[in-house]
Amino acid sequence: MDSRPAPLPRATPWRSLPCPRAELRLDLVLSGGQTFRWSETNPGYWTGVLAGRVWTLTQSEEHLWYTLHEEEKEEDRREEDILSEPPLKKGRRHQQLDTSRAGLSGHSGREQIRGVDGLEPSQILRDYFQLHISLAALYQGWSYTDAHFRNVAVKFPGVRVLRQDPVECLFSFICTSNNHLSRITNMIQHLCQAFGRRLCQLDTKTYHAFPSLQAMAGADAEARLRELGFGYRARFVSESARAVLKTLGGAAGLQHLRTVPYEQARHALCTLPGVGAKVADCVCLMALDKAEAVPVDTHIWQVAKRYYGQELGMGARSVTERVHREIGNFFRSLWGPYAGWAQAVLFCADLRKYESPDSDAKSQCAKLTKGSPSILT
DNA sequence: ACCTAACCTATAGC
DNA sequence: AGCTATAGGTTAG
């Protein structure tokens with residue numbers, strides 16, 4: 001029997017869901033490049049923002065444990081925190097907070113659809129981690145048809161695809177273009193701090209809701225994002241926020257894409273500035289219930305060349321539209337309707353390989369990849 | 001239809 | 001210590 005973790009200050013008592021480790025590995029899922037909003041605040045304990053609340057999660061062999069942190073009241077905020085926020089005129093500050101609130105209840109499009117606000121915490125977690133999907137059964141199927149997957153799966157169990165908020169997922173992945181994981185995480189933290197409603201502070205870290213579309217579409221949003229170091233992505237973020245509001249029906253319209261076919265959702269997303277095939281597939285897979293979407297980035301391209309080059313038989317120099325399509329179709333034929341989920345396992349494994357503290361492993365990998373004459377050419 | 005450079009910036013690697 | 005290449009890509013030609 002699993003024992004309850006020690007209670008945290010100003011947080012609800014720990015509660016748990018049945019969830020074996022083979023079905024979920026918090027570390028691999030929460031820091032594996034799907035989401036950029038969780039951090040390991042203590043060994044084995046993950047803290048982050050989900051559905052507008054601050055959570056800490058941990059797991060034992062058979063359970064997923066969770067606690068919710070108390071949201072601080074406005075008057076609890078110390079003046080220095082307020083002043084340390086991005087340069088905003090005082091009058092505007094309140095306006096911005098209000099906008100964020102409006103945005104949250106603008107998520108209310110979503111609340112009306114799915115009643116997220118009314119949901120039990122356990123239900124929110126079941127939804128976020130998609131626990132109704134049996135990952136073990138999927139792994140079994142992929143391992144049966146794919147020897148390379150079988151090898152990877154042994155070392156990387158419990159990698160499941162999150163069901164994220166479409167707005168958060170879309171704008172997070174707009175930030176990932178031509179970028180590093182560490183920088184992406186920083187940028188998104190800055191984005192939330194500057195444009196999102198503040199929720200609470202734990203130790204020295206403050207937690208903010210993901211910004212509303214309205215906040216990101218604001219008149220000075222692009223300039224402020226540039227100051228935060230977003231580079232050319234600043235325009236993508238603000239322009240896309242405006243485009244979603246104007247032509248895709250806002251947060252509710254984005255959410256509605258969950259009910260339309262993959263190709264249609266993908267096409268709609270690709271109309272947004274800063275959204276190409278790869279980002280669209282990420283959002284389709286991780287927020288819009290398109291389990292067949294296979295995001296093809298440089299990692300997956302390397303993996304495809306290295307381990308599936310024979311079957312693919314192609315020698316392009318970069319990930320062009322054609323390469324993207326061919327790799328996606330190949331993996332869908334190999335793995336079936338949940339191909340995107342299998343891709344997430346290989347991606348996560350590849351990421352770990354490179355992020356491993358053992359730098360020898362990393363350079364070995366680099367040498368291997370570079371040194372081996374491409375199977376494709 | 002398909003492929004190349006330029007693009008902001010931080011950081012690892014020489 | 002400085003410089004270059006590259007990083008979960010998109011866009012304009």
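Proteins come first, then strands; the chains are lettered A, B, ... in the order of their sequence lines, and each starts at number 1. No hydrogens, no waters, no symmetry mates; every other heavy atom, side chains included, goes into these values. For clarity, every value in this text was computed on a predicted model and none was experimentally measured.
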J.: Between Phe230(A) and Glu321(A), which has a closest nucleotide on DNA chain B that is more 5'?
T.: Glu321(A)
J.: Can you check the Ile174(A) CD1 to dA7(C) C1' distance for me, whole Å?
T.: 18 Å
J.: Compare side-chain N and O positions of Arg325(A) against OP1 and OP2 of dC2(B) and report whether any pair is under 4.0 Å apart.
T.: yes
J.: Out of curiosity, Leu228(A) CG to His190(A) NE2, how far, rounded to the nearest 0.5 Å?
T.: 6.5 Å
J.: Between Thr176(A) and dG9(C), is there a side-chain N or O to OP1/OP2 distance below 4.0 Å?
T.: no
J.: From CZ of Arg226(A) over to C1' of dC8(B), roughly how many Å is that when rounded to an integer?
T.: 7 Å
J.: What does Val319(A) touch in the nucleic acid at a heavy-atom separation under 4.0 angstrom: a base, only the sugar-phosphate, or nothing?
T.: nothing
J.: Could you tell me how far apart Asn178(A) (CG) and dT4(B) (P) are, to the nearest whole angstrom?
T.: 17 Å
J.: Of the options dA7(C), dT10(C), dT9(B), whose atoms approach the side-chain atoms of Val279(A) most closely?
T.: dT10(C)
J.: How far, in whole Å, is dC8(B) from dG2(C) if one measures between their P atoms?
T.: 27 Å
J.: Using both distances under 3.5 Å as the test, list the Watson-Crick or G-U wobble partner of dG2(C), or none.
T.: dC14(B)
J.: May I have the distance from Leu181(A) (atom CG) to dA12(B) (atom C1'), rounded to whole angstrom?
T.: 14 Å
J.: Please pick, from dT4(B), dT6(C), dT9(B), the nucleotide with the shortest atom-to-atom distance to any side-chain atom of Thr320(A).
T.: dT4(B)
J.: Just how far, in rounded Å, is C1' of dA1(B) from NE2 of His324(A)?
T.: 17 Å
J.: For Lys278(A) and Glu321(A), run salt bridge (Lys or Arg N to Asp or Glu O under 4.0 Å): C-alpha distance rounded to whole Å, both residues' side-chain angles, the deciding distance at 0.1 Å, then the answer.
T.: CA-CA 9 Å; Lys278(A) 192 269 179 181; Glu321(A) 189 64 34; over 6 Å; no
J.: With rounding to the closest Å, how many angstrom separate the P atoms on dT6(C) and dT4(B)?
T.: 16 Å
J.: Could you tell me whether the side chains of Ser122(A) and Arg126(A) share a donor-acceptor contact shorter than 3.5 Å?
T.: yes
J.: Looking only at side-chain atoms of Tyr232(A), point me to the closest of dA10(B), dT4(B), dC7(B).
T.: dC7(B)
J.: Between Phe331(A) and Phe149(A), is the ring centre distance below 6.0 Å?
T.: no
J.: Could you check how far CZ of Arg235(A) sits from P of dA6(B), rounded to whole Å?
T.: 18 Å
J.: For Gln123(A), look at atom CD and say whether over 12 heavy atoms of other residues, nucleotides or ligands are found less than 6.0 Å away.
T.: yes
J.: Starting at CG of Asn186(A) and ending at C1' of dT9(B), how long is that distance when rounded to a whole Å?
T.: 12 Å
J.: Out of dC8(B), dT10(C), dT11(B), which nucleotide sits closest to the side chain of Ser182(A)?
T.: dT11(B)
J.: In whole angstrom, what separates Leu272(A)'s CG from dT10(C)'s C1'?
T.: 13 Å
J.: Should dC2(B) form a Watson-Crick or G-U wobble pair with both distances under 3.5 Å, which nucleotide is its partner?
T.: none
J.: Would you mind classifying the nucleic acid contact of Pro273(A) as base, sugar-phosphate or nothing, using non-hydrogen atoms under 4.0 angstrom?
T.: sugar-phosphate
J.: Among the candidates dC3(B), dG9(C), dC8(B), find the nucleotide nearest to the side-chain atoms of Arg233(A).
T.: dC8(B)
J.: Does a side-chain N or O of Arg322(A) approach OP1 or OP2 of dC3(B) to a distance below 4.0 Å, or not?
T.: yes
J.: Assuming nearest nucleotide by heavy-atom distance, tell me which of Asn179(A) and Phe236(A) is located more 5' along DNA chain C.
T.: Asn179(A)
J.: Show your reasoning for whether side chain to side chain contact (heavy atoms under 4.5 Å, CB included) applies to Arg352(A) and Phe156(A).
T.: CA-CA 10 Å; Arg352(A) 288 291 149 143; Phe156(A) 295 90; 3.5 Å; yes
